[in-house]
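Computed from a prediction, not measured in an experiment: that's the story for all the values here.
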Amino acid sequence: MNLRNIPAIDEILALPRIEDLLKLYNRDFIMRILRQAVEESRQELRLTGGDYSKENLTEKIMDRLEILLEKASQGTLQKVINGTGVVLHTNLGRAPLSNRALGYLNDMGRNYNNLEINLESGERGSRYRHVEELLITLTGAEAGLVVNNNAAAVLLGLTSLARNKEVIVSRGQLIEIGGAFRIPEVMKESGARLVEVGTTNKTYLSDYAEAITENTALLFSAHTSNYKIVGFTEEVMLGELVKLGQERKIPVMHDLGSGILTDLREWGLKDEPTVRESVESGADIISFSGDKLLGGPQAGIIVGQKKYIAAMKKNQLTRALRVDKLIIAALEGTLLEYLSGNPLENIPVLKMLTISPEELQEQAEKLRAEICSKQGTMREIEAISVIKTEDMIGGGAYPTHKIPGYGVQIAFKNNQLEKLSKQLRGMNPALLIRKQEDKMLISVRTLLEGDARILVELIEMGLLRAGEEQGPGGKL
Ligand SMILES: *Cc1c(COP(=O)(O)O)cnc(C)c1O
């Protein structure tokens with residue numbers, strides 16, 4: 001080993017190969033990555049104790065530099081193929097968008113648009129009017145407003161209607177969602193005073209009624225979407241709460257979590273009320289996410305009575321929580337699909353949830369056959385079969401609900417799974433799989449168009465790399 005043979009940065013910078021790279025990449029970027037390449041080569045030399053001439057090392061560093069530059073210039077946000085069978089995966093960006101939403105997004109992103117101008121009068125318009133009519137039509141509410149996400153929607157609702165006043169919530173609904181959204185914390189942030197009633201498993205209407213004082217501004221009901229209490233439970237129906245609110249002249253806010261616009265009971269999804277049902281129950285303000293079961297971009301949608309929505313629009317906080325034109329475009333495109341398209345077919349999340357088991361089985365068989373057709377891959381495979389899977393909705397909805405699906409289960413020789421799944425995560429696109437009893441499981445429900453073909457190539461490449469990794473003495 002001879003660390004002194006590592007060339008100095010200045011020497012490398014004088015090379016003609018650097019000149020070529022300067023045509024492709026930003027100079028500071030090359031400098032940063034070059035230091036990384038040199039450092040990595042130094043570490044490797046220490047580790048392997050190899051003996052190389054200066055020319056040899058320079059070439060190695062340059063090769064490494066080129067690879068690292070190409071990789072780093074691809075950006076950090078990258079495509080992931082979701083083989084987990086979890087449809088709404090918060091870590092994977094929740095809902096993939098429909099073509100209609102993407103078309104709108106593309107068109108409005110590359111052009112000027114009428115975001116805040118009334119083209120009829122030529123005067124200033126509101127960005128919020130673009131989706132409001134659609135929301136009214138699709139939910140039956142009087143008015144609507146869109147902000148950054150549902151957490152923001154809840155915060156805005158509480159601040160606008162209950163700042164320095166009391167909000168009554170059942171102890172069974174003091175939930176935390178996605179690690180960061182906690183009802184009691186949001187309540188504190190909003191300046192509203194939380195009044196807890198009932199117990200974790202049982203809350204009665206009388207609990208709410210007895211807690212009402214002259215300072216009560218809001219009755220709050222949260223859909224406990226990411227957990228379920230089973231056993232002896234008692235929850236007040238939204239309709240009953242609304243009746244109490246009307247009697248005592250106190251508005252009811254319903255945090256629905258997942259904003260579902262179409263009835264999916266036929267597909268076995270029974271526990272989630274639609275937004276329209278919440279409106280019909282008489283809730284005064286209803287909030288939900290744009291990127292859960294609605295299948296659109298991240299957004300917090302608020303619908304309800306006009307006077308409350310108007311109060312929220314006037315709140316200064318709305319300016320800080322406002323949505324960008326791209327979000328409005330993607331949301332409008334998504335909602336238009338509900339209005340005049342075929343949401344169950346064209347909105348990916350809904351398609352994934354309503355696809356028939358027969359179709360999934362067929363897809364899984366096809367995937368299996370495709371993997372089997374790759375000779376190189378087959379050498380490493382001990383067994384491969386199509387099996388039934390338990391897929392999940394995820395994203396804070398239907399916690400206990402498993403959807404029966406199909407997938408391809410692969411057992412590899414030499415316990416390669418751990419290495420392989422790491423390799424698969426490191427590729428671009430990356431592939432996320434499920435592990436089950438030391439076997440790889442790829443659920444086909446969450447594969448999007450074209451994913452299956454790429455996936456086969458990724459596995460092939462991953463096996464190759466995992467094999468190299470464990471080759472004799474490791475490879476430089
Ligand atoms: C998911 C969820 C939220 C948070 O919504 P985001 O859009 O992720 O901010 C709030 N309340 C409930 C009941 C939820 O399910």
* Please walk me through it: do L135 and V146 pass side-chain contact (heavy atoms from CB on, under 4.5 Å)? -> CA-CA 10 Å; L135 288 172; V146 181; 4.0 Å; yes
* Please test Q305 against D284 for side-chain hydrogen bond (donor to acceptor under 3.5 Å, both in side chains), starting from the C-alpha separation and ending with a verdict. => CA-CA 6 Å; Q305 281 195 39; D284 299 277; 2.7 Å; yes
* Do R276 and S281 pass the side-chain hydrogen bond (donor to acceptor under 3.5 Å, both in side chains) test, and can you show the C-alpha distance, the side-chain angles, and the key distance before you say yes or no? -> CA-CA 9 Å; R276 184 172 282 276; S281 293; over 6 Å; no
* For T216 and V195, what are the C-alpha separation, side-chain angles and deciding distance, and is it a side-chain contact (heavy atoms from CB on, under 4.5 Å)? -> CA-CA 9 Å; T216 307; V195 177; over 6 Å; no
* To do: Check the pair R163, T159 against side-chain hydrogen bond (donor to acceptor under 3.5 Å, both in side chains), reporting the backbone distance first and the verdict last.
  => CA-CA 5 Å; R163 192 172 186 79; T159 307; 4.7 Å; no
* Please lay out, stage by stage, how I459 and I442 fare under the test side-chain contact (heavy atoms from CB on, under 4.5 Å). => CA-CA 11 Å; I459 292 176; I442 302 159; 3.9 Å; yes
* Stepwise salt bridge (charged side-chain N to carboxylate O under 4.0 Å, His left out) check, R453 with E370 -> CA-CA 8 Å; R453 199 166 354 97; E370 197 141 341; 5.1 Å; no
* Does the side-chain contact (heavy atoms from CB on, under 4.5 Å) test come out yes or no for H223 and F288, once each step is laid out? -> CA-CA 10 Å; H223 185 61; F288 51 97; over 6 Å; no
* **Residue pair D324, R127: steps toward the salt bridge (charged side-chain N to carboxylate O under 4.0 Å, His left out) verdict** => CA-CA 9 Å; D324 167 60; R127 68 176 59 214; 5.7 Å; no
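Using a 4.5 Å cut-off on side-chain heavy atoms (C-beta onward), K388 and Y406 make contact. Residues L335 and L294 are in side-chain contact: their nearest non-hydrogen atoms beyond the backbone lie under 4.5 Å apart. Proximity of L441 to T84: side-chain heavy atoms (C-beta onward) are nowhere separated by under 4.5 Å. Inter-residue side-chain proximity for I302 and M312 is flagged as met; some heavy-atom pair is nearer than 4.5 Å. Between R27 and L22 the shortest side-chain heavy-atom distance falls below 4.5 Å. Between M440 and R434, the closest side-chain pair of non-hydrogen atoms is not below 4.5 Å. Between D255 and I183, the closest side-chain pair of non-hydrogen atoms falls below 4.5 Å. Here the side chains of M352 and L448 are in contact, with some heavy-atom distance below 4.5 Å.
The shortest heavy-atom contact between L244 and L219 is CD2-CD1, 4.3 Å. Closest approach of G85 to D391, counting heavy atoms only: O-CB, 3.3 Å. Nearest heavy-atom pair, I285 versus P251, reported as atom, atom and distance to 0.1 Å: CD1-CB, 4.4 Å. Residues R248 and A209 share a closest heavy-atom pair of NH1-O, 3.8 Å. Scanning all heavy atoms of the two residues, the minimum distance from L350 to L293 falls at CD2-O, 3.6 Å. In terms of heavy-atom proximity, V386 sits nearest to R368 at CG2-CD, 3.8 Å.
Within 6.0 Å of the CD atom in E240, the count of heavy atoms belonging to other residues, nucleotides or ligands exceeds 12. Heavy-atom neighbours of K366 NZ from other residues, nucleotides or ligands within 6.0 Å: at or below the threshold of 12. Heavy-atom contacts from other residues, nucleotides or ligands closer than 6.0 Å to CZ of R265 number more than 12. Sparse packing is recorded around CD of E120, with 12 or fewer heavy atoms of other residues, nucleotides or ligands lying under 6.0 Å away. By the neighbour-count criterion of 12 heavy atoms within 6.0 Å, atom CG of L77 is sparsely surrounded, having that number or fewer from other residues, nucleotides or ligands. By the neighbour-count criterion of 12 heavy atoms within 6.0 Å, atom NZ of K306 is sparsely surrounded, having that number or fewer from other residues, nucleotides or ligands. Applying the 6.0 Å contact sphere to CD of E70 captures no more than 12 heavy atoms from other residues, nucleotides or ligands. More than 12 heavy atoms of other residues, nucleotides or ligands shown are found within 6.0 angstrom of CD on E39.
Between E132 and K313 there is a salt bridge, with a side-chain nitrogen of the basic residue lying less than 4.0 Å from a carboxylate oxygen of the acidic one. Remark: E142 does not engage K307 in a salt bridge, criterion side-chain N to carboxylate O under 4.0 Å. Residues D20 and K23 are paired through a salt bridge, judged by an N-O separation under 4.0 Å between the basic side chain and the carboxylate.
With N150 contributing its side chain and A153 its backbone, the two residues share no donor-acceptor pair below 3.5 Å. Between the side chain of E277 and the backbone N or O of T274, at least one donor-acceptor pair lies under 3.5 Å. S170 places a side-chain N or O within donor-acceptor distance of the main-chain N or O of G172, the cut-off being under 3.5 Å. Within the 3.5 Å criterion, the main-chain N or O of G198 finds a donor-acceptor partner in the side chain of R171. Between the side chain of E337 and the main chain of T334, no donor-acceptor pair closer than 3.5 Å is present. Under a 3.5 Å cut-off, the side chain of R445 and the backbone N or O of V87 do not form any donor-acceptor pair. Under the 3.5 Å distance criterion, the side-chain polar atoms of D207 are matched with a main-chain donor or acceptor of Y204. Under a 3.5 Å cut-off, the side chain of N111 and the backbone N or O of D107 do form a donor-acceptor pair. Checked by atom type and distance alone, the side chain of S160 never pairs as donor or acceptor with a backbone atom of G157 at under 3.5 Å. Proximity of a side-chain donor or acceptor of T446 to a complementary backbone N or O of N82 within less than 3.5 Å is detected.
E166 and T213 form a side-chain donor-acceptor contact under 3.5 Å, judged by distance and modelled atom types alone. Q36 and E40 share a side-chain donor-acceptor pair at under 3.5 Å. A donor atom on one side chain and an acceptor atom on the other are not found under 3.5 Å apart for N346 and S98.
Considering OG of S221 and OH of Y208, their distance stands at 5.5 Å, rounded to 0.5 Å. The distance from the CD1 atom of I12 to the CE atom of M31 is 9.5 Å, given to the nearest 0.5 Å. To the nearest 0.5 Å, atoms OG1 (T262) and CD (E266) are separated by 11.0 Å. Atom NE2 of H130 is separated from atom CD of E332 by 7.5 Å, given to the nearest 0.5 angstrom. Here CG of D291 is found 9.0 Å from CG of L97. Values are rounded to the nearest 0.5 Å. Note that OG1 of T203 and CD of E196 are 10.0 Å apart. Values are rounded to the nearest 0.5 Å.
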